[in-house]
Structure formats: C-alpha cells, structure tokens
Amino acid sequence: MKIKKIVNNRSPKLLLCFAGWSAAPEAFAHLETEDDQDVWVCYDYRDLSFGEDPGGYRQIDLVAWSLGVWVAAQAVTGIPLHSATAVNGTELPVDDAFGIPSDIFLGTLRNVTADGMSRFNRRMCDSRELLEMYRQFPARPVNELQEELQSLYNGITQSRSPEMHWTKAIISTRDKIFPVNNQRSYWQGRCPAGETDAPHYPFYLWKRWKEITG
C-alpha cells in the first residue's frame, strides 16, 4: 500500500486513516486535526503490506473506510491503538450477510472501466452536488484500480484473520455500496454503532477529525 503523510510534524499523536478502494488521499485532505496530531492516509492496496513503523507516537487513532476496514485489520496487528473507528465497512467485506454480496462484488470487479467507475462514483456519492465535489479529487488510473480491487478480492477470499478490536462503527443510512442492513448485522454486539444520514462517502459532513472519532 501507499501512505501519504498529509500532516507529518513529528507530533505526539497520529491519526492513521485507511481509505476505501479507488479513493485518492485527497478525499480526506479537507479535514482538520488537533495541533498535536499528524495524519497518514493509506491507499492503493495492490500491495497489502504496511511498510511504516508508527511506534514513536504516544497515541494512535485509526479511522478506516469501506474496504479499508478489512485492510486495517490486516495491517495494524500488534500496533497499540487508542481508538479504532470503522466507517461504512466490515471485516467480512465479501459476504452475503455481513458485507457486499459476492455477486455484486464480482460484478464490480468485472466492470472496472471508465464507464464502470463513473457509475460506481455516482452510487457512492448519491447526489449530483457531492459527485461534482468528489470529481475534483485526482482520479487514479483505471488499470491501477482494477489491479487494486483484484488484489483485495484475492486477499479477502483466501484468508481470514482474527477480528481486531473496534471502538466505534459509523453506518451511512443512504449507503448504496455496502448494504446498510449487512453493516448493522455485522456490528451488532461487536462495538457501539452510530448511524448518519449520508451516502457511502460521508466525509464531507465533517470538518474536524474529532467529529468522526468522538
């Protein structure tokens, strides 16, 4: 994976973010942090290895979005976390009951084209206004996105890791990518889950990271 260090001042605290599939790190750049907090954004999961050591931070808060929820669970094993917030995702992301139904996931994988990504982004944003805003972020090459989703599918279907401890889940009630009821079913009994009136990409709602992590 790649890691973009949006804020890297050697602060005592780190906000470690895992983007969803196809997202560019700029999708998070508008969010403000505390003065004593650095921000790293992980993305591009063609290679799932986490090649950084955040051990120098006194406090690490994690926010993972969409398929980044599953990636985070693989990547941060052994890293002590102050909090871990999952947004519109689960640790069983290809699953008919607790994730994206397998036929829908495979349909997306077969249609990673310019037209297919246009349809995906419309469903993810769920409004013309938000879609226009999202389109301002740099678009990653389509062939890169296809390789990334194939890598994710292979990893998800070929391995099952122990569940990590999540402190909070956020579910968007207008999510057209990750079925809402499947998210509810997965998080029930695992950690507190809150709901928000938003589509799959909800970060436009928040100005500060503190509003997400609580």
Side-chain angles (χ1 to χ4, degrees), residues 1-45 48-91 124-125 129-140 164-172 175 178 183 187 191-214:
M1 70 183 68
K2 295 178 181 177
I3 300 176
K4 184 176 180 65
K5 298 179 179 179
I6 294 178
V7 181
N8 192 37
N9 297 323
R10 299 189 178 181
S11 302
K13 299 178 183 178
L14 173 65
L15 186 68
L16 181 60
C17 311
F18 283 79
W21 166 67
S22 79
E26 286 79 6
F28 303 89
H30 71 285
L31 294 164
E32 300 174 3
T33 61
E34 305 299 322
D35 292 337
D36 61 348
Q37 189 176 49
D38 288 349
V39 182
W40 297 359
V41 178
C42 306
Y43 69 105
D44 187 355
Y45 304 128
L48 293 171
S49 59
F50 184 73
E52 292 280 351
D53 179 10
Y57 288 96
R58 172 170 55 83
Q59 177 178 310
I60 301 174
D61 294 284
L62 183 145
V63 174
W65 171 45
S66 191
L67 294 185
V69 172
W70 179 85
V71 177
Q74 321 305 306
V76 301
T77 303
I79 297 175
L81 300 174
H82 175 257
S83 68
T85 302
V87 181
N88 293 336
T90 73
E91 284 193 48
M124 179 177 66
C125 294
E129 294 78 14
L130 182 56
L131 178 62
E132 288 304 313
M133 186 186 80
Y134 193 84
R135 283 174 173 168
Q136 302 307 309
F137 305 139
R140 295 169 51 202
M164 69 175 283
H165 175 67
W166 297 91
T167 55
K168 182 179 181 181
I170 297 175
I171 301 169
S172 289
D175 195 331
F178 220 110
Q183 293 185 60
W187 292 114
C191 74
E195 299 192 3
T196 185
D197 179 20
H200 187 66
Y201 175 72
F203 295 100
Y204 71 98
L205 290 174
W206 299 298
K207 183 179 180 181
R208 300 184 65 83
W209 280 110
K210 193 70 174 176
E211 297 175 58
I212 305 172
T213 60

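All values below come from the heavy atoms of this structure, side chains included, with hydrogens, waters and symmetry mates left out.
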Next item on the list: Would you mind telling me which of Y57, F28, F50 makes a ring pair (Phe, Tyr, Trp, His ring centres under 6.0 Å) with W40?
Entry: Y57

Note to self: Ring-plane angle category for Y45 and F18, please: parallel below 30°, perpendicular beyond 60°, tilted otherwise.
What the structure shows: parallel

Distance-only check: which donor-acceptor pairs under 3.5 Å involve side-chain atoms of residues 77-89, not counting sequence neighbours?
unit_1 : atom_1 : unit_2 : atom_2 : d
H82    : ND1    : Q59    : NE2    : 3.4
H82    : ND1    : D61    : OD1    : 2.8
S83    : OG     : D61    : OD1    : 2.5
N88    : OD1    : S172   : N      : 2.7
N88    : ND2    : S172   : OG     : 3.0
N88    : ND2    : H200   : O      : 2.9

Notebook entry, point to check: In Å, rounded to the nearest 0.5 Å, how long is the span from CG of L15 to CG of L62?
Noted result: 8.0 Å

Checklist line | Closest contact, heavy atoms only, M1 versus A75 | finding: CE-CB, 4.1 Å

Next item on the list: Could you pull out the closest heavy-atom pair between A64 and V69, with the gap in Å?
Entry: O-CG2, 3.5 Å

Next item on the list: Go through the structure and list residues passing side chain to side chain contact (heavy atoms under 4.5 Å, CB included) with P199, not counting sequence neighbours.
Entry: D126, L130, R174, Y204

Notebook entry, point to check: How many angstroms lie between atom CD1 of I6 and atom NE2 of H30, to the nearest 0.5 angstrom?
Noted result: 10.5 Å

Checklist line | Shortest non-hydrogen contact from S66 toward G20 | finding: CB-CA, 4.1 Å

Check: Taking all atoms of both residues into account, what is the closest heavy-atom pair of V7 and Q37, and its distance?
Finding: CG1-O, 3.7 Å

Checklist line | Distance in Å, K13 NZ paired with I60 CD1, rounded so as to fall on 0.5 Å steps | finding: 13.0 Å

Check: If you take all heavy atoms of M133 and Y201, which pair is closest and at what distance?
Finding: CE-CE2, 4.0 Å

Check: Backbone N or O of F178 within a donor-acceptor pair of the Q183 side chain at under 3.5 Å?
Finding: yes

Next item on the list: Would you give the length of the straight line joining atom CG of L48 to atom SG of C42, rounded to the nearest 0.5 angstrom?
Entry: 11.5 Å

Notebook entry, point to check: About how many Å separate NZ of K4 and SG of C17, when rounded to the nearest 0.5 Å?
Noted result: 13.0 Å

List, one per line, each side-chain donor-acceptor pair under 3.5 Å for residues 205-214, sequence neighbours excluded.
unit_1 : atom_1 : unit_2 : atom_2 : d
R208   : NH1    : E32    : OE1    : 3.2
R208   : NH2    : T33    : O      : 3.4
R208   : NH2    : E34    : OE2    : 3.3
E211   : OE2    : K207   : N      : 3.4
E211   : OE2    : R208   : N      : 3.1
T213   : OG1    : W209   : O      : 3.4

Notebook entry, point to check: Is the backbone of S11 close enough, under 3.5 Å, to the side chain of D36 for a donor and an acceptor to pair up by distance?
Noted result: no

Check: Going from OH on Y43 to CH2 on W65, what distance comes out if it is rounded to the nearest 0.5 angstrom?
Finding: 14.5 Å

Check: Would M164 and V76 satisfy side chain to side chain contact (heavy atoms under 4.5 Å, CB included), going step by step from the backbone distance to the final call?
Finding: CA-CA 9 Å; M164 69 175 283; V76 301; 4.0 Å; yes

